[in-house]
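In what follows, a structure is listed as structure tokens, so that the remarks can point back to it.
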Amino acid sequence: MSGHVKNMCPQLSISQAARTLLSLLLVAAIDSVSAGVVCRKQPCGSSLQRSLKLTKLIHKESVDLLKTYKVSQGDMSELFCQMSINNVPDPNISGLDPSERMLSIYSHCKAFLPHLKRVTEQQTDLQPPSSALLSKLSTAQNRTNGLANQINCIYQTFFPNLPIPPEPVDGPTSVPPSQNVFQQKVYGCVVLKRFKEFLSRVTRELRTLKSQVCTRRTSFADTNALF
Amino acid sequence: MLSWFFCILLLGLRVTESQASGLAPPQQVRLDADKAAQKLSVTWEDGHASTFDVEILRTELMEIVLNETVGVTADQSTGKHQWNWTSPVPLECTSLSVKVRSRDGQDVSEWSSQQILPGLDLPDNAVAQMYPEGKTVPVGSDMTFCCIVEEGQQFGNLWYKTLQMNETMLSRRTYATTMTIREPSNPSGTNVVCSNEKNIMVTGAVVFVGYPPLPSDLVCETHDLISVDCQWTKGRNTYLFGKTRQTYYTLNGRNCTKAKNSNMHCGWEQWEGNWTLVARNPLGQFRLTDAAQLGHRVRPVAPVNLTTPEVYSWNASVGWHWNYNGYERLSLICQVQRTSHWNSSTQTYTGHGLTTVVLKDLQPDEEYSVKVRCGSQKNFWKWGEWSLPLSFQTKMDRPKAPDIWVWMDSDNLGRVLWKPLTKRESHGQVSGYEVTLWSPEENGQQTFTLPQSMYSHPINMTDRGSKVTVTARNPAGVSLPANIVIPRHLPDTEDTTISKVAFNGSGFPLSWVAQTNASCGYVVDWYNTSCTQDCSVEWTKVAADNTNTVVQSSNFFAGVRYTFSLYACSSESTVLLERWHGYMQELVPSQAVPRLSPNQEGSDVQLTWDQIPLEHQRGFILGYTVYLTNASHLTLLANITDPQLTNHTVRQLVLGSYKFTVKAYTAAGEDGGATVSISLDPYTYWLILELLVALGAMTCVLILITIACYRKRKWVKKAFYPEIPEPKLPGDWGITQGTLDVKPSPHSMVHIVEDPVWDSSKEALVSVPEEDEEGTGDEAADTDEPAVLRYYNQVVEEGSSSRGRPHASDSSASSTGSMDSGHTDVTYTGIQTSACSLAHFQPQPDASQCAGDGGYRPQMQSASCPEDPQAGPEEHLQPPVGSFGGYQPQCSWKQDSPEADGGLDQAYLGSPTSVTSSQFLLPHDTSSEEGKEHPSSASTWFHNLLTGKP
């Protein structure tokens, strides 16, 4: 890239240090411009940046949600989240390449949704109608659904040749059939804790994906332009 | 062998006992468990007895939980026996073994076969569990929780909320704790958790603790005369939430699905007369009842569609509709609340199916808002809801007659005043006023039309005695006329008493003596006293039977003096009765006394000032205080309590500068004060008098001296001008160098007084005639002589004496001493002017010729006397010691410093160390005299002056 810049300015007879500095600045400018142009050219209006912002927002809200949840569950509820519960989605994002990891994010979003819904239902029977926990749970569901849609859109845009990810079906992380009240409390705490951890990983993952995918596409575009 | 015997014996005894009781053991024992209720039902057959022994054990540890004898009769239809038992411990906690035997008194049957109720702590159920879970119990219940630890783990602790509980081992994996729950739980329930040996939470349970429902105040009523609507109060909080725990209500067996949260309503479409409300939750139920006839529980709905069919100036009608036809036959009582911008009132109307009312006593051109609610007039139950408000505006009407008054500015000018009509008086927007002057003399009238913004009309002297009519006009018409007669004469204010009136917080209270001529009452007007032109005048009218009023106005301001005038009103004119001055609030004067000036009268100072202008007084001036100002400190000199007194005299002041401050004070305090300064000068007449007295005294003294001198003139002459003896020439006095053939002036004398002993305190010199020593007794006269020039020098010459004849060496020595020391006193009198004396001293070149002569020798004038001025005084004044013992008058004196070449006067008078001697009139040649004539003329004159010569 710097060679490319150097070729663009052969007539400059300036000192080596100044030339190096100028080159760095130009590289940074072209890089940023190219990335912005490439990402803005996405037909789907939701870019990774938007998804990243949304993820950050949901993550911030999930922290508050978990805190509210623990407060509303009574004494010793701090220990609920330490118990092991099966069937709750794992917060880790799997996959080797960006497409697989993006697909994993999407799948996790979809997997968490029924659990959030179940927790909302369970807590509706345990909280007064005016409880703030219920409204926050509802908000978390809506935002997670929106994030899943954005990820799906980005996936289809970035990887148009790959098949659209299927909707997750009941599997090892399906919603548990029935639980007693104590199990519901523990279940809700674990779900929300893993949901928060998942969103933290998604934030980091989207940052990485943004640099990887956009840079790759920019380089690809530059290569096409050169040759 | 023996043991076998015993065994057979015991077996035989037992068989004998059974056969003897005849009771058969219960058969087909069966256990049924209601785990949620922790109830165990035991059923058996073939027991002909009515009493049974029941034994329940924890299977795993074989601990007896229950062993009691119960009476159970067989069911007639099935022939089975059933006994129920409620376990304090959840049945899931561990397995229970149950066995039963029949009893008939002391006879018992064999135990039935042991039946086991399996618990959930069996090895095949390896997970951790806690029971009971999700149970709802009332506050105050005793609860036993059991924890079944996971297979392979060890029990740790049991926690209720945050309390660690004591546990009891029920089985290998099961531990239980019992507690009394005394507090209701939060909405999500109270947590009980169990931990393993590593203190890690392994399982838990939730218990909901609350109260059964306790509603109250069930009341049923009808709004539409058909249906019923029941209400009640929720009552005590149950602390139970959720679908399975919340309170459900039924009314006459019908679910009240809308009765949630705080909305405790339930209805039915038909009036039933009796209602039963049942409130139910997992902890219990509560029942409320109500009964009433329909006509006694009518609460009408709110009227709808309010209208105003007719609206007038002073009344209007309001109509509405009912949503139910049944109201047409209902006797109603309705309240109509009307609100205007100045008032709100409620009126009540009654009638069958009331749908229209007439509102009376409305104000013209006023906007009203009305709303209506009704109730059943017969068997009134409750007021219905208020309808939505309806607004309307009444029509305009002609205005009220204005309130008018006549105020005379001066003898020739005055104004007819009237107050602006308020909204309640104008009955619509006033468009203008008409003022009509009716002149009785000319029998004519003048009409003036004025705009709505004018509230006065000028009148003059020609209008006096006329009747004034003022009317107001608005779109609805013209008001009734307001009449007043312009007085023919101005009220005589000088004869009217003026009093002070104090503001009492709400107004100025005025009272007066009733007047018989006040046929139409009294009028009190007031205005700003300091106002001089186009003053704002307010007035109020008092009925004839009142003799007091409180004048109130929103236009009263603090610090402003108001004049209140009371008039008696009659059909002919108005008569001024009384006047008051008053302040709403007195303030300190805003201005110091003007024109403060001091006037010195000898040692007194009179301060005068003017009165503060009325507008700056801001209160009744109570007096003045006079201060003496010293820097910033004020010293009170006088407190003048008469406000009319505007001067003050400060007496007996010594000469000097003074500052006086005069402050006026009111009830609120003193003003800032006016300050004036004065510097007292000496009294001029006394000065002149003193001067004249001094001059007179001096004149007298001079006259006395003159007389004395005249009478003692001989003595004076002798004392001051003694005869100088002519020198006696003993021999040949002829010297080649021309001896002066000039006789010394007969009256010239030289007195040289030499104190034998130096006395520093002696300031006077003794005047001694050279030959006549009688003069020594006249020293006082000598010192008093102003014309005598005196030098105070001390001759320091050991052995010299006044009695001894002065000789040259003494003189020289004295001169030398005087030049060397300031201790030399020399007095010379009768000094004769000499050219030589004014010249520099020149020693005689042949002084040695006279050295051997000890007698008196007349002084010789040296020709070279003035020719060696450069010679030092030392060498000139130091003749050889003893070389000249006779008298040798000093030739001249010289300044100490040889360089100093001062003039004559300086040399003669200036130096305190200079010395000279009497100058004898020595002859000298004409040439030299001519040469010296000029420089000696001034000294000669001065000398003559001193000596009294012309």
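So you know, we letter chains A, B, ... as the sequences are listed, proteins then strands, and number each from 1.
More than 12 heavy atoms of other residues, nucleotides or ligands lie within 6.0 Å of CZ in B:R172, so this atom counts as buried by the packing criterion. Residue-environment remark: CD (B:E385) stays at or below the threshold of 12 foreign heavy atoms within 6.0 Å.
Panel note: side chain B:E133, backbone A:F182; a donor-acceptor pair is recorded below 3.5 Å.
For a residue to count as touching a neighbouring chain, one of its non-hydrogen atoms must lie under 4.5 Å from one of that chain's; by this rule A:M83 touches chain B with the side chain only. There is no contact between B:Y160 and chain A, counting heavy-atom distances below 4.5 Å.
In terms of heavy-atom proximity, A:Q127 sits nearest to B:S188 at NE2-CB, 3.8 Å.
Taking CG of A:N180 as the reference point, atom CE of B:M130 lies at 11.0 Å (rounded to 0.5 Å).
Interface check for chain B: of the options A:Q82, A:Q73, A:K185, the most heavy-atom pairs under 4.5 Å are formed by A:K185. In terms of non-hydrogen atom pairs under 4.5 Å with chain A, the most contact-rich of B:N191, B:T190, B:N186 is B:N191.
With contacts defined as side-chain heavy-atom distances shorter than 4.5 Å, the pair B:R245/A:D125 qualifies.
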